[in-house]
2 protein chains.
Amino acid sequence: MENQNISDIIEAYLKQILAESQEVEIRRSEIANQFNVVPSQINYVIKTRFTIQDGYVVRSKRGGGGYIRIEKVKLLDNLDFIDSLVTAVGDHITRHDGLAVVRSLFEAGTINRREANIMLAAIDKTALNTGDRDLDEQIRAQILISVLDHLRYES
Amino acid sequence: MENQNISDIIEAYLKQILAESQEVEIRRSEIANQFNVVPSQINYVIKTRFTIQDGYVVRSKRGGGGYIRIEKVKLLDNLDFIDSLVTAVGDHITRHDGLAVVRSLFEAGTINRREANIMLAAIDKTALNTGDRDLDEQIRAQILISVLDHLRYES
DNA sequence: GTTCTTTTGACTAATGTTGACTAATATTAT
DNA sequence: ATAATATTAGTCAACATTAGTCAAAAGAAC
């Protein structure tokens with residue numbers, strides 16, 4: 001709390017707006033100015049904190065009147081939602097993105113907190129630590145997909 | 001008392017804070033500086049004195065604004081049971097024996113059917129299939145222990 | 001003196017910040 | 001219309017800032 005980095009602050013600012021409206025549209029240079037960072041840092045914040053795994057869709061336009069629009073994704077039915085997560089997982093996934101997937105499931109109400117914690121425990125660095133990062137990411141993807149497939153039946 | 005080593009002193013310092021608040025967040029280099037030790041000694045103190053068996057959960061982040069956060073958690077009443085399962089899992093476990101572990105948890109009432117199914121999905125042959133049976137069994141063991149450790153406390 | 005614990009530091013990994021360069025789109029000039 | 005220019009956003013790689021790992025050395029306990 002005492003020493004938050006600026007990316008976290010920008011993330012919080014945007015999510016606060018998104019808590020009240022469905023989407024937020026910004027001018028990149030304005031936000032960069034407002035928080036006193038270079039414009040490309042806004043891209044960094046979006047790339048690391050507003051991914052599809054997190055449940056956000058980002059559209060943008062360049063040139064005069066350009067913008068970046070972040071939209072909180074509306075979940076379709078459960079099955080489509082799980083499909084989209086399976087696609088997002090793919091055949092490799094980092095811990096960071098894996099966490100986002102589990103969080104999405106939780107926020108969508110597909111799983112509860114206890115179930116989320118079990119999933120997280122199964123894919124965290126304690127569990128997957130072969131020494132080969134690529135292999136870890138592959139196994140993490142397989143575990144997630146296996147669990148996601150199971151969630152299809154129970155829902 | 002007089003013969004305390006520096007690790008004990010750092011441990012006491014952190015636990016004193018934890019006696020009053022639920023968690024403590026530090027910057028590793030700051031604490032290292034404060035006690036005049038190398039930063040990695042903080043990791044040593046945490047690894048030896050703030051384990052999940054002791055009732056602590058540790059989270060951290062690297063990079064700018066990085067931190068180490070130690071949280072005191074409420075341990076459940078199932079410690080001996082979990083310990084025995086962790087021992088049974090060891091560092092390798094077959095699918096068959098992994099299934100027995102999950103079944104034990106279910107029959108003891110530690111997890112419900114849905115949770116059991118999530119665990120099973122995470123350790124079945126869909127999820128773990130590297131082509132190297134020994135490696136699969138090793139990873140399966142790590143996943144199970146990671147989940148078992150999470151079942152030690154309320155979250 | 002052997003074994004276990006602690007201390008240390010070199011190396012690694014993750015995350016965040018910055019800026020130069022590129023790409024897309026809109027506006028203006030011809 | 002077309003070309004030139006202006007105005008946006010995107011990418012990428014270098015650099016900065018944290019924490020993690022591991023094993024050797026030192027010290028303590030027995």
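Chain letters run A, B, ... following the sequence lines, proteins first, then strands; residues in each count from 1.
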field: Pairs meeting criterion salt bridge (Lys or Arg N to Asp or Glu O under 4.0 Å) with involvement of residues 138-155 of chain B, two or more places apart
entry: B:D83-B:R152, B:D149-B:R152
For atom [atom1] of [X] and atom [atom2] of [N], their distance in whole Å:
X	N	atom1	atom2	result
B:Y67	C:dT15	OH	C1'	11 Å
A:N33	D:dA9	CG	C1'	15 Å
B:I31	C:dT7	CD1	C1'	18 Å
A:K47	D:dG10	NZ	P	11 Å
A:D8	C:dA14	CG	C1'	14 Å
A:I70	D:dA9	CD1	P	12 Å
A:I46	D:dG10	CD1	P	7 Å
A:Q4	C:dT15	CD	P	16 Å

- request: With heavy atoms under 4.0 Å as the rule, sort A:R49 into base, sugar-phosphate or nothing.
  value: sugar-phosphate
task: Describe the nucleic acid contact of A:I42 in one word from base, sugar-phosphate, nothing, applying a heavy-atom distance below 4.0 Å.
output: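 Contact class for A:I42: none.
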Establish, with yes or no, whether the OP1 or OP2 oxygen of [N] is under 4.0 angstrom from a side-chain nitrogen or oxygen of [X].
X	N	result
A:R27	D:dT8	yes
B:R28	D:dT21	no
A:R133	C:dA14	yes

field: Salt-bridge contact B:D8-B:R49 (side-chain N to carboxylate O under 4.0 Å)
entry: yes
message: Taking A:D54 first and then A:K15, would you say they form a salt bridge - that is, a charged N and a carboxylate O separated by under 4.0 Å?
response: no
field: Nucleic acid footprint by protein, nucleotides 19-30 of chain C - heavy-atom cut-off 4.0 Å, B for base, S for sugar-phosphate alone
entry: B---BBBS----
Kindly list each side-chain donor-acceptor pair under 3.5 angstrom involving residues 94-105 of chain B, sequence neighbours excluded, with atom names and distances?
| unit_1 | atom_1 | unit_2 | atom_2 | d |
| --- | --- | --- | --- | --- |
| B:T94 | OG1 | B:D97 | N | 3.0 |
| B:S104 | OG | B:A100 | O | 3.0 |

task: Please name all residues satisfying ring-ring contact (aromatic ring centres under 6.0 Å, His included) with B:Y153, sequence neighbours left out, ordered by chain then number.
output: B:H150
query: Considering residues at least two apart in sequence or located in another chain, which fulfil the ring-ring contact (aromatic ring centres under 6.0 Å, His included) criterion with A:Y13?
result: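 With sequence neighbours excluded, A:Y13 shows a ring-ring contact (aromatic ring centres under 6.0 Å, His included) to A:F35, given in chain and number order.
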statement: Walking DNA chain C from its 5' end, the first of A:N36 and B:T48 to be reached, judged by nearest nucleotide, is B:T48
- request: Assign each of A:S7 and B:S7 to its nearest nucleotide of DNA chain C by heavy atoms, then name whichever residue's nucleotide is nearer the 5' end.
  value: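 Between the two, 5'-proximity favours B:S7.
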- prompt: Taking the side chain of A:N5 as its heavy atoms from C-beta onward, which of D:dG10, C:dG16, C:dT6 lies nearest to it?
  reply: C:dG16
field: Set of residues satisfying side chain to side chain contact (heavy atoms under 4.5 Å, CB included) with respect to A:F106, sequence neighbours excluded
entry: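 A:I111, A:R113, A:A116.
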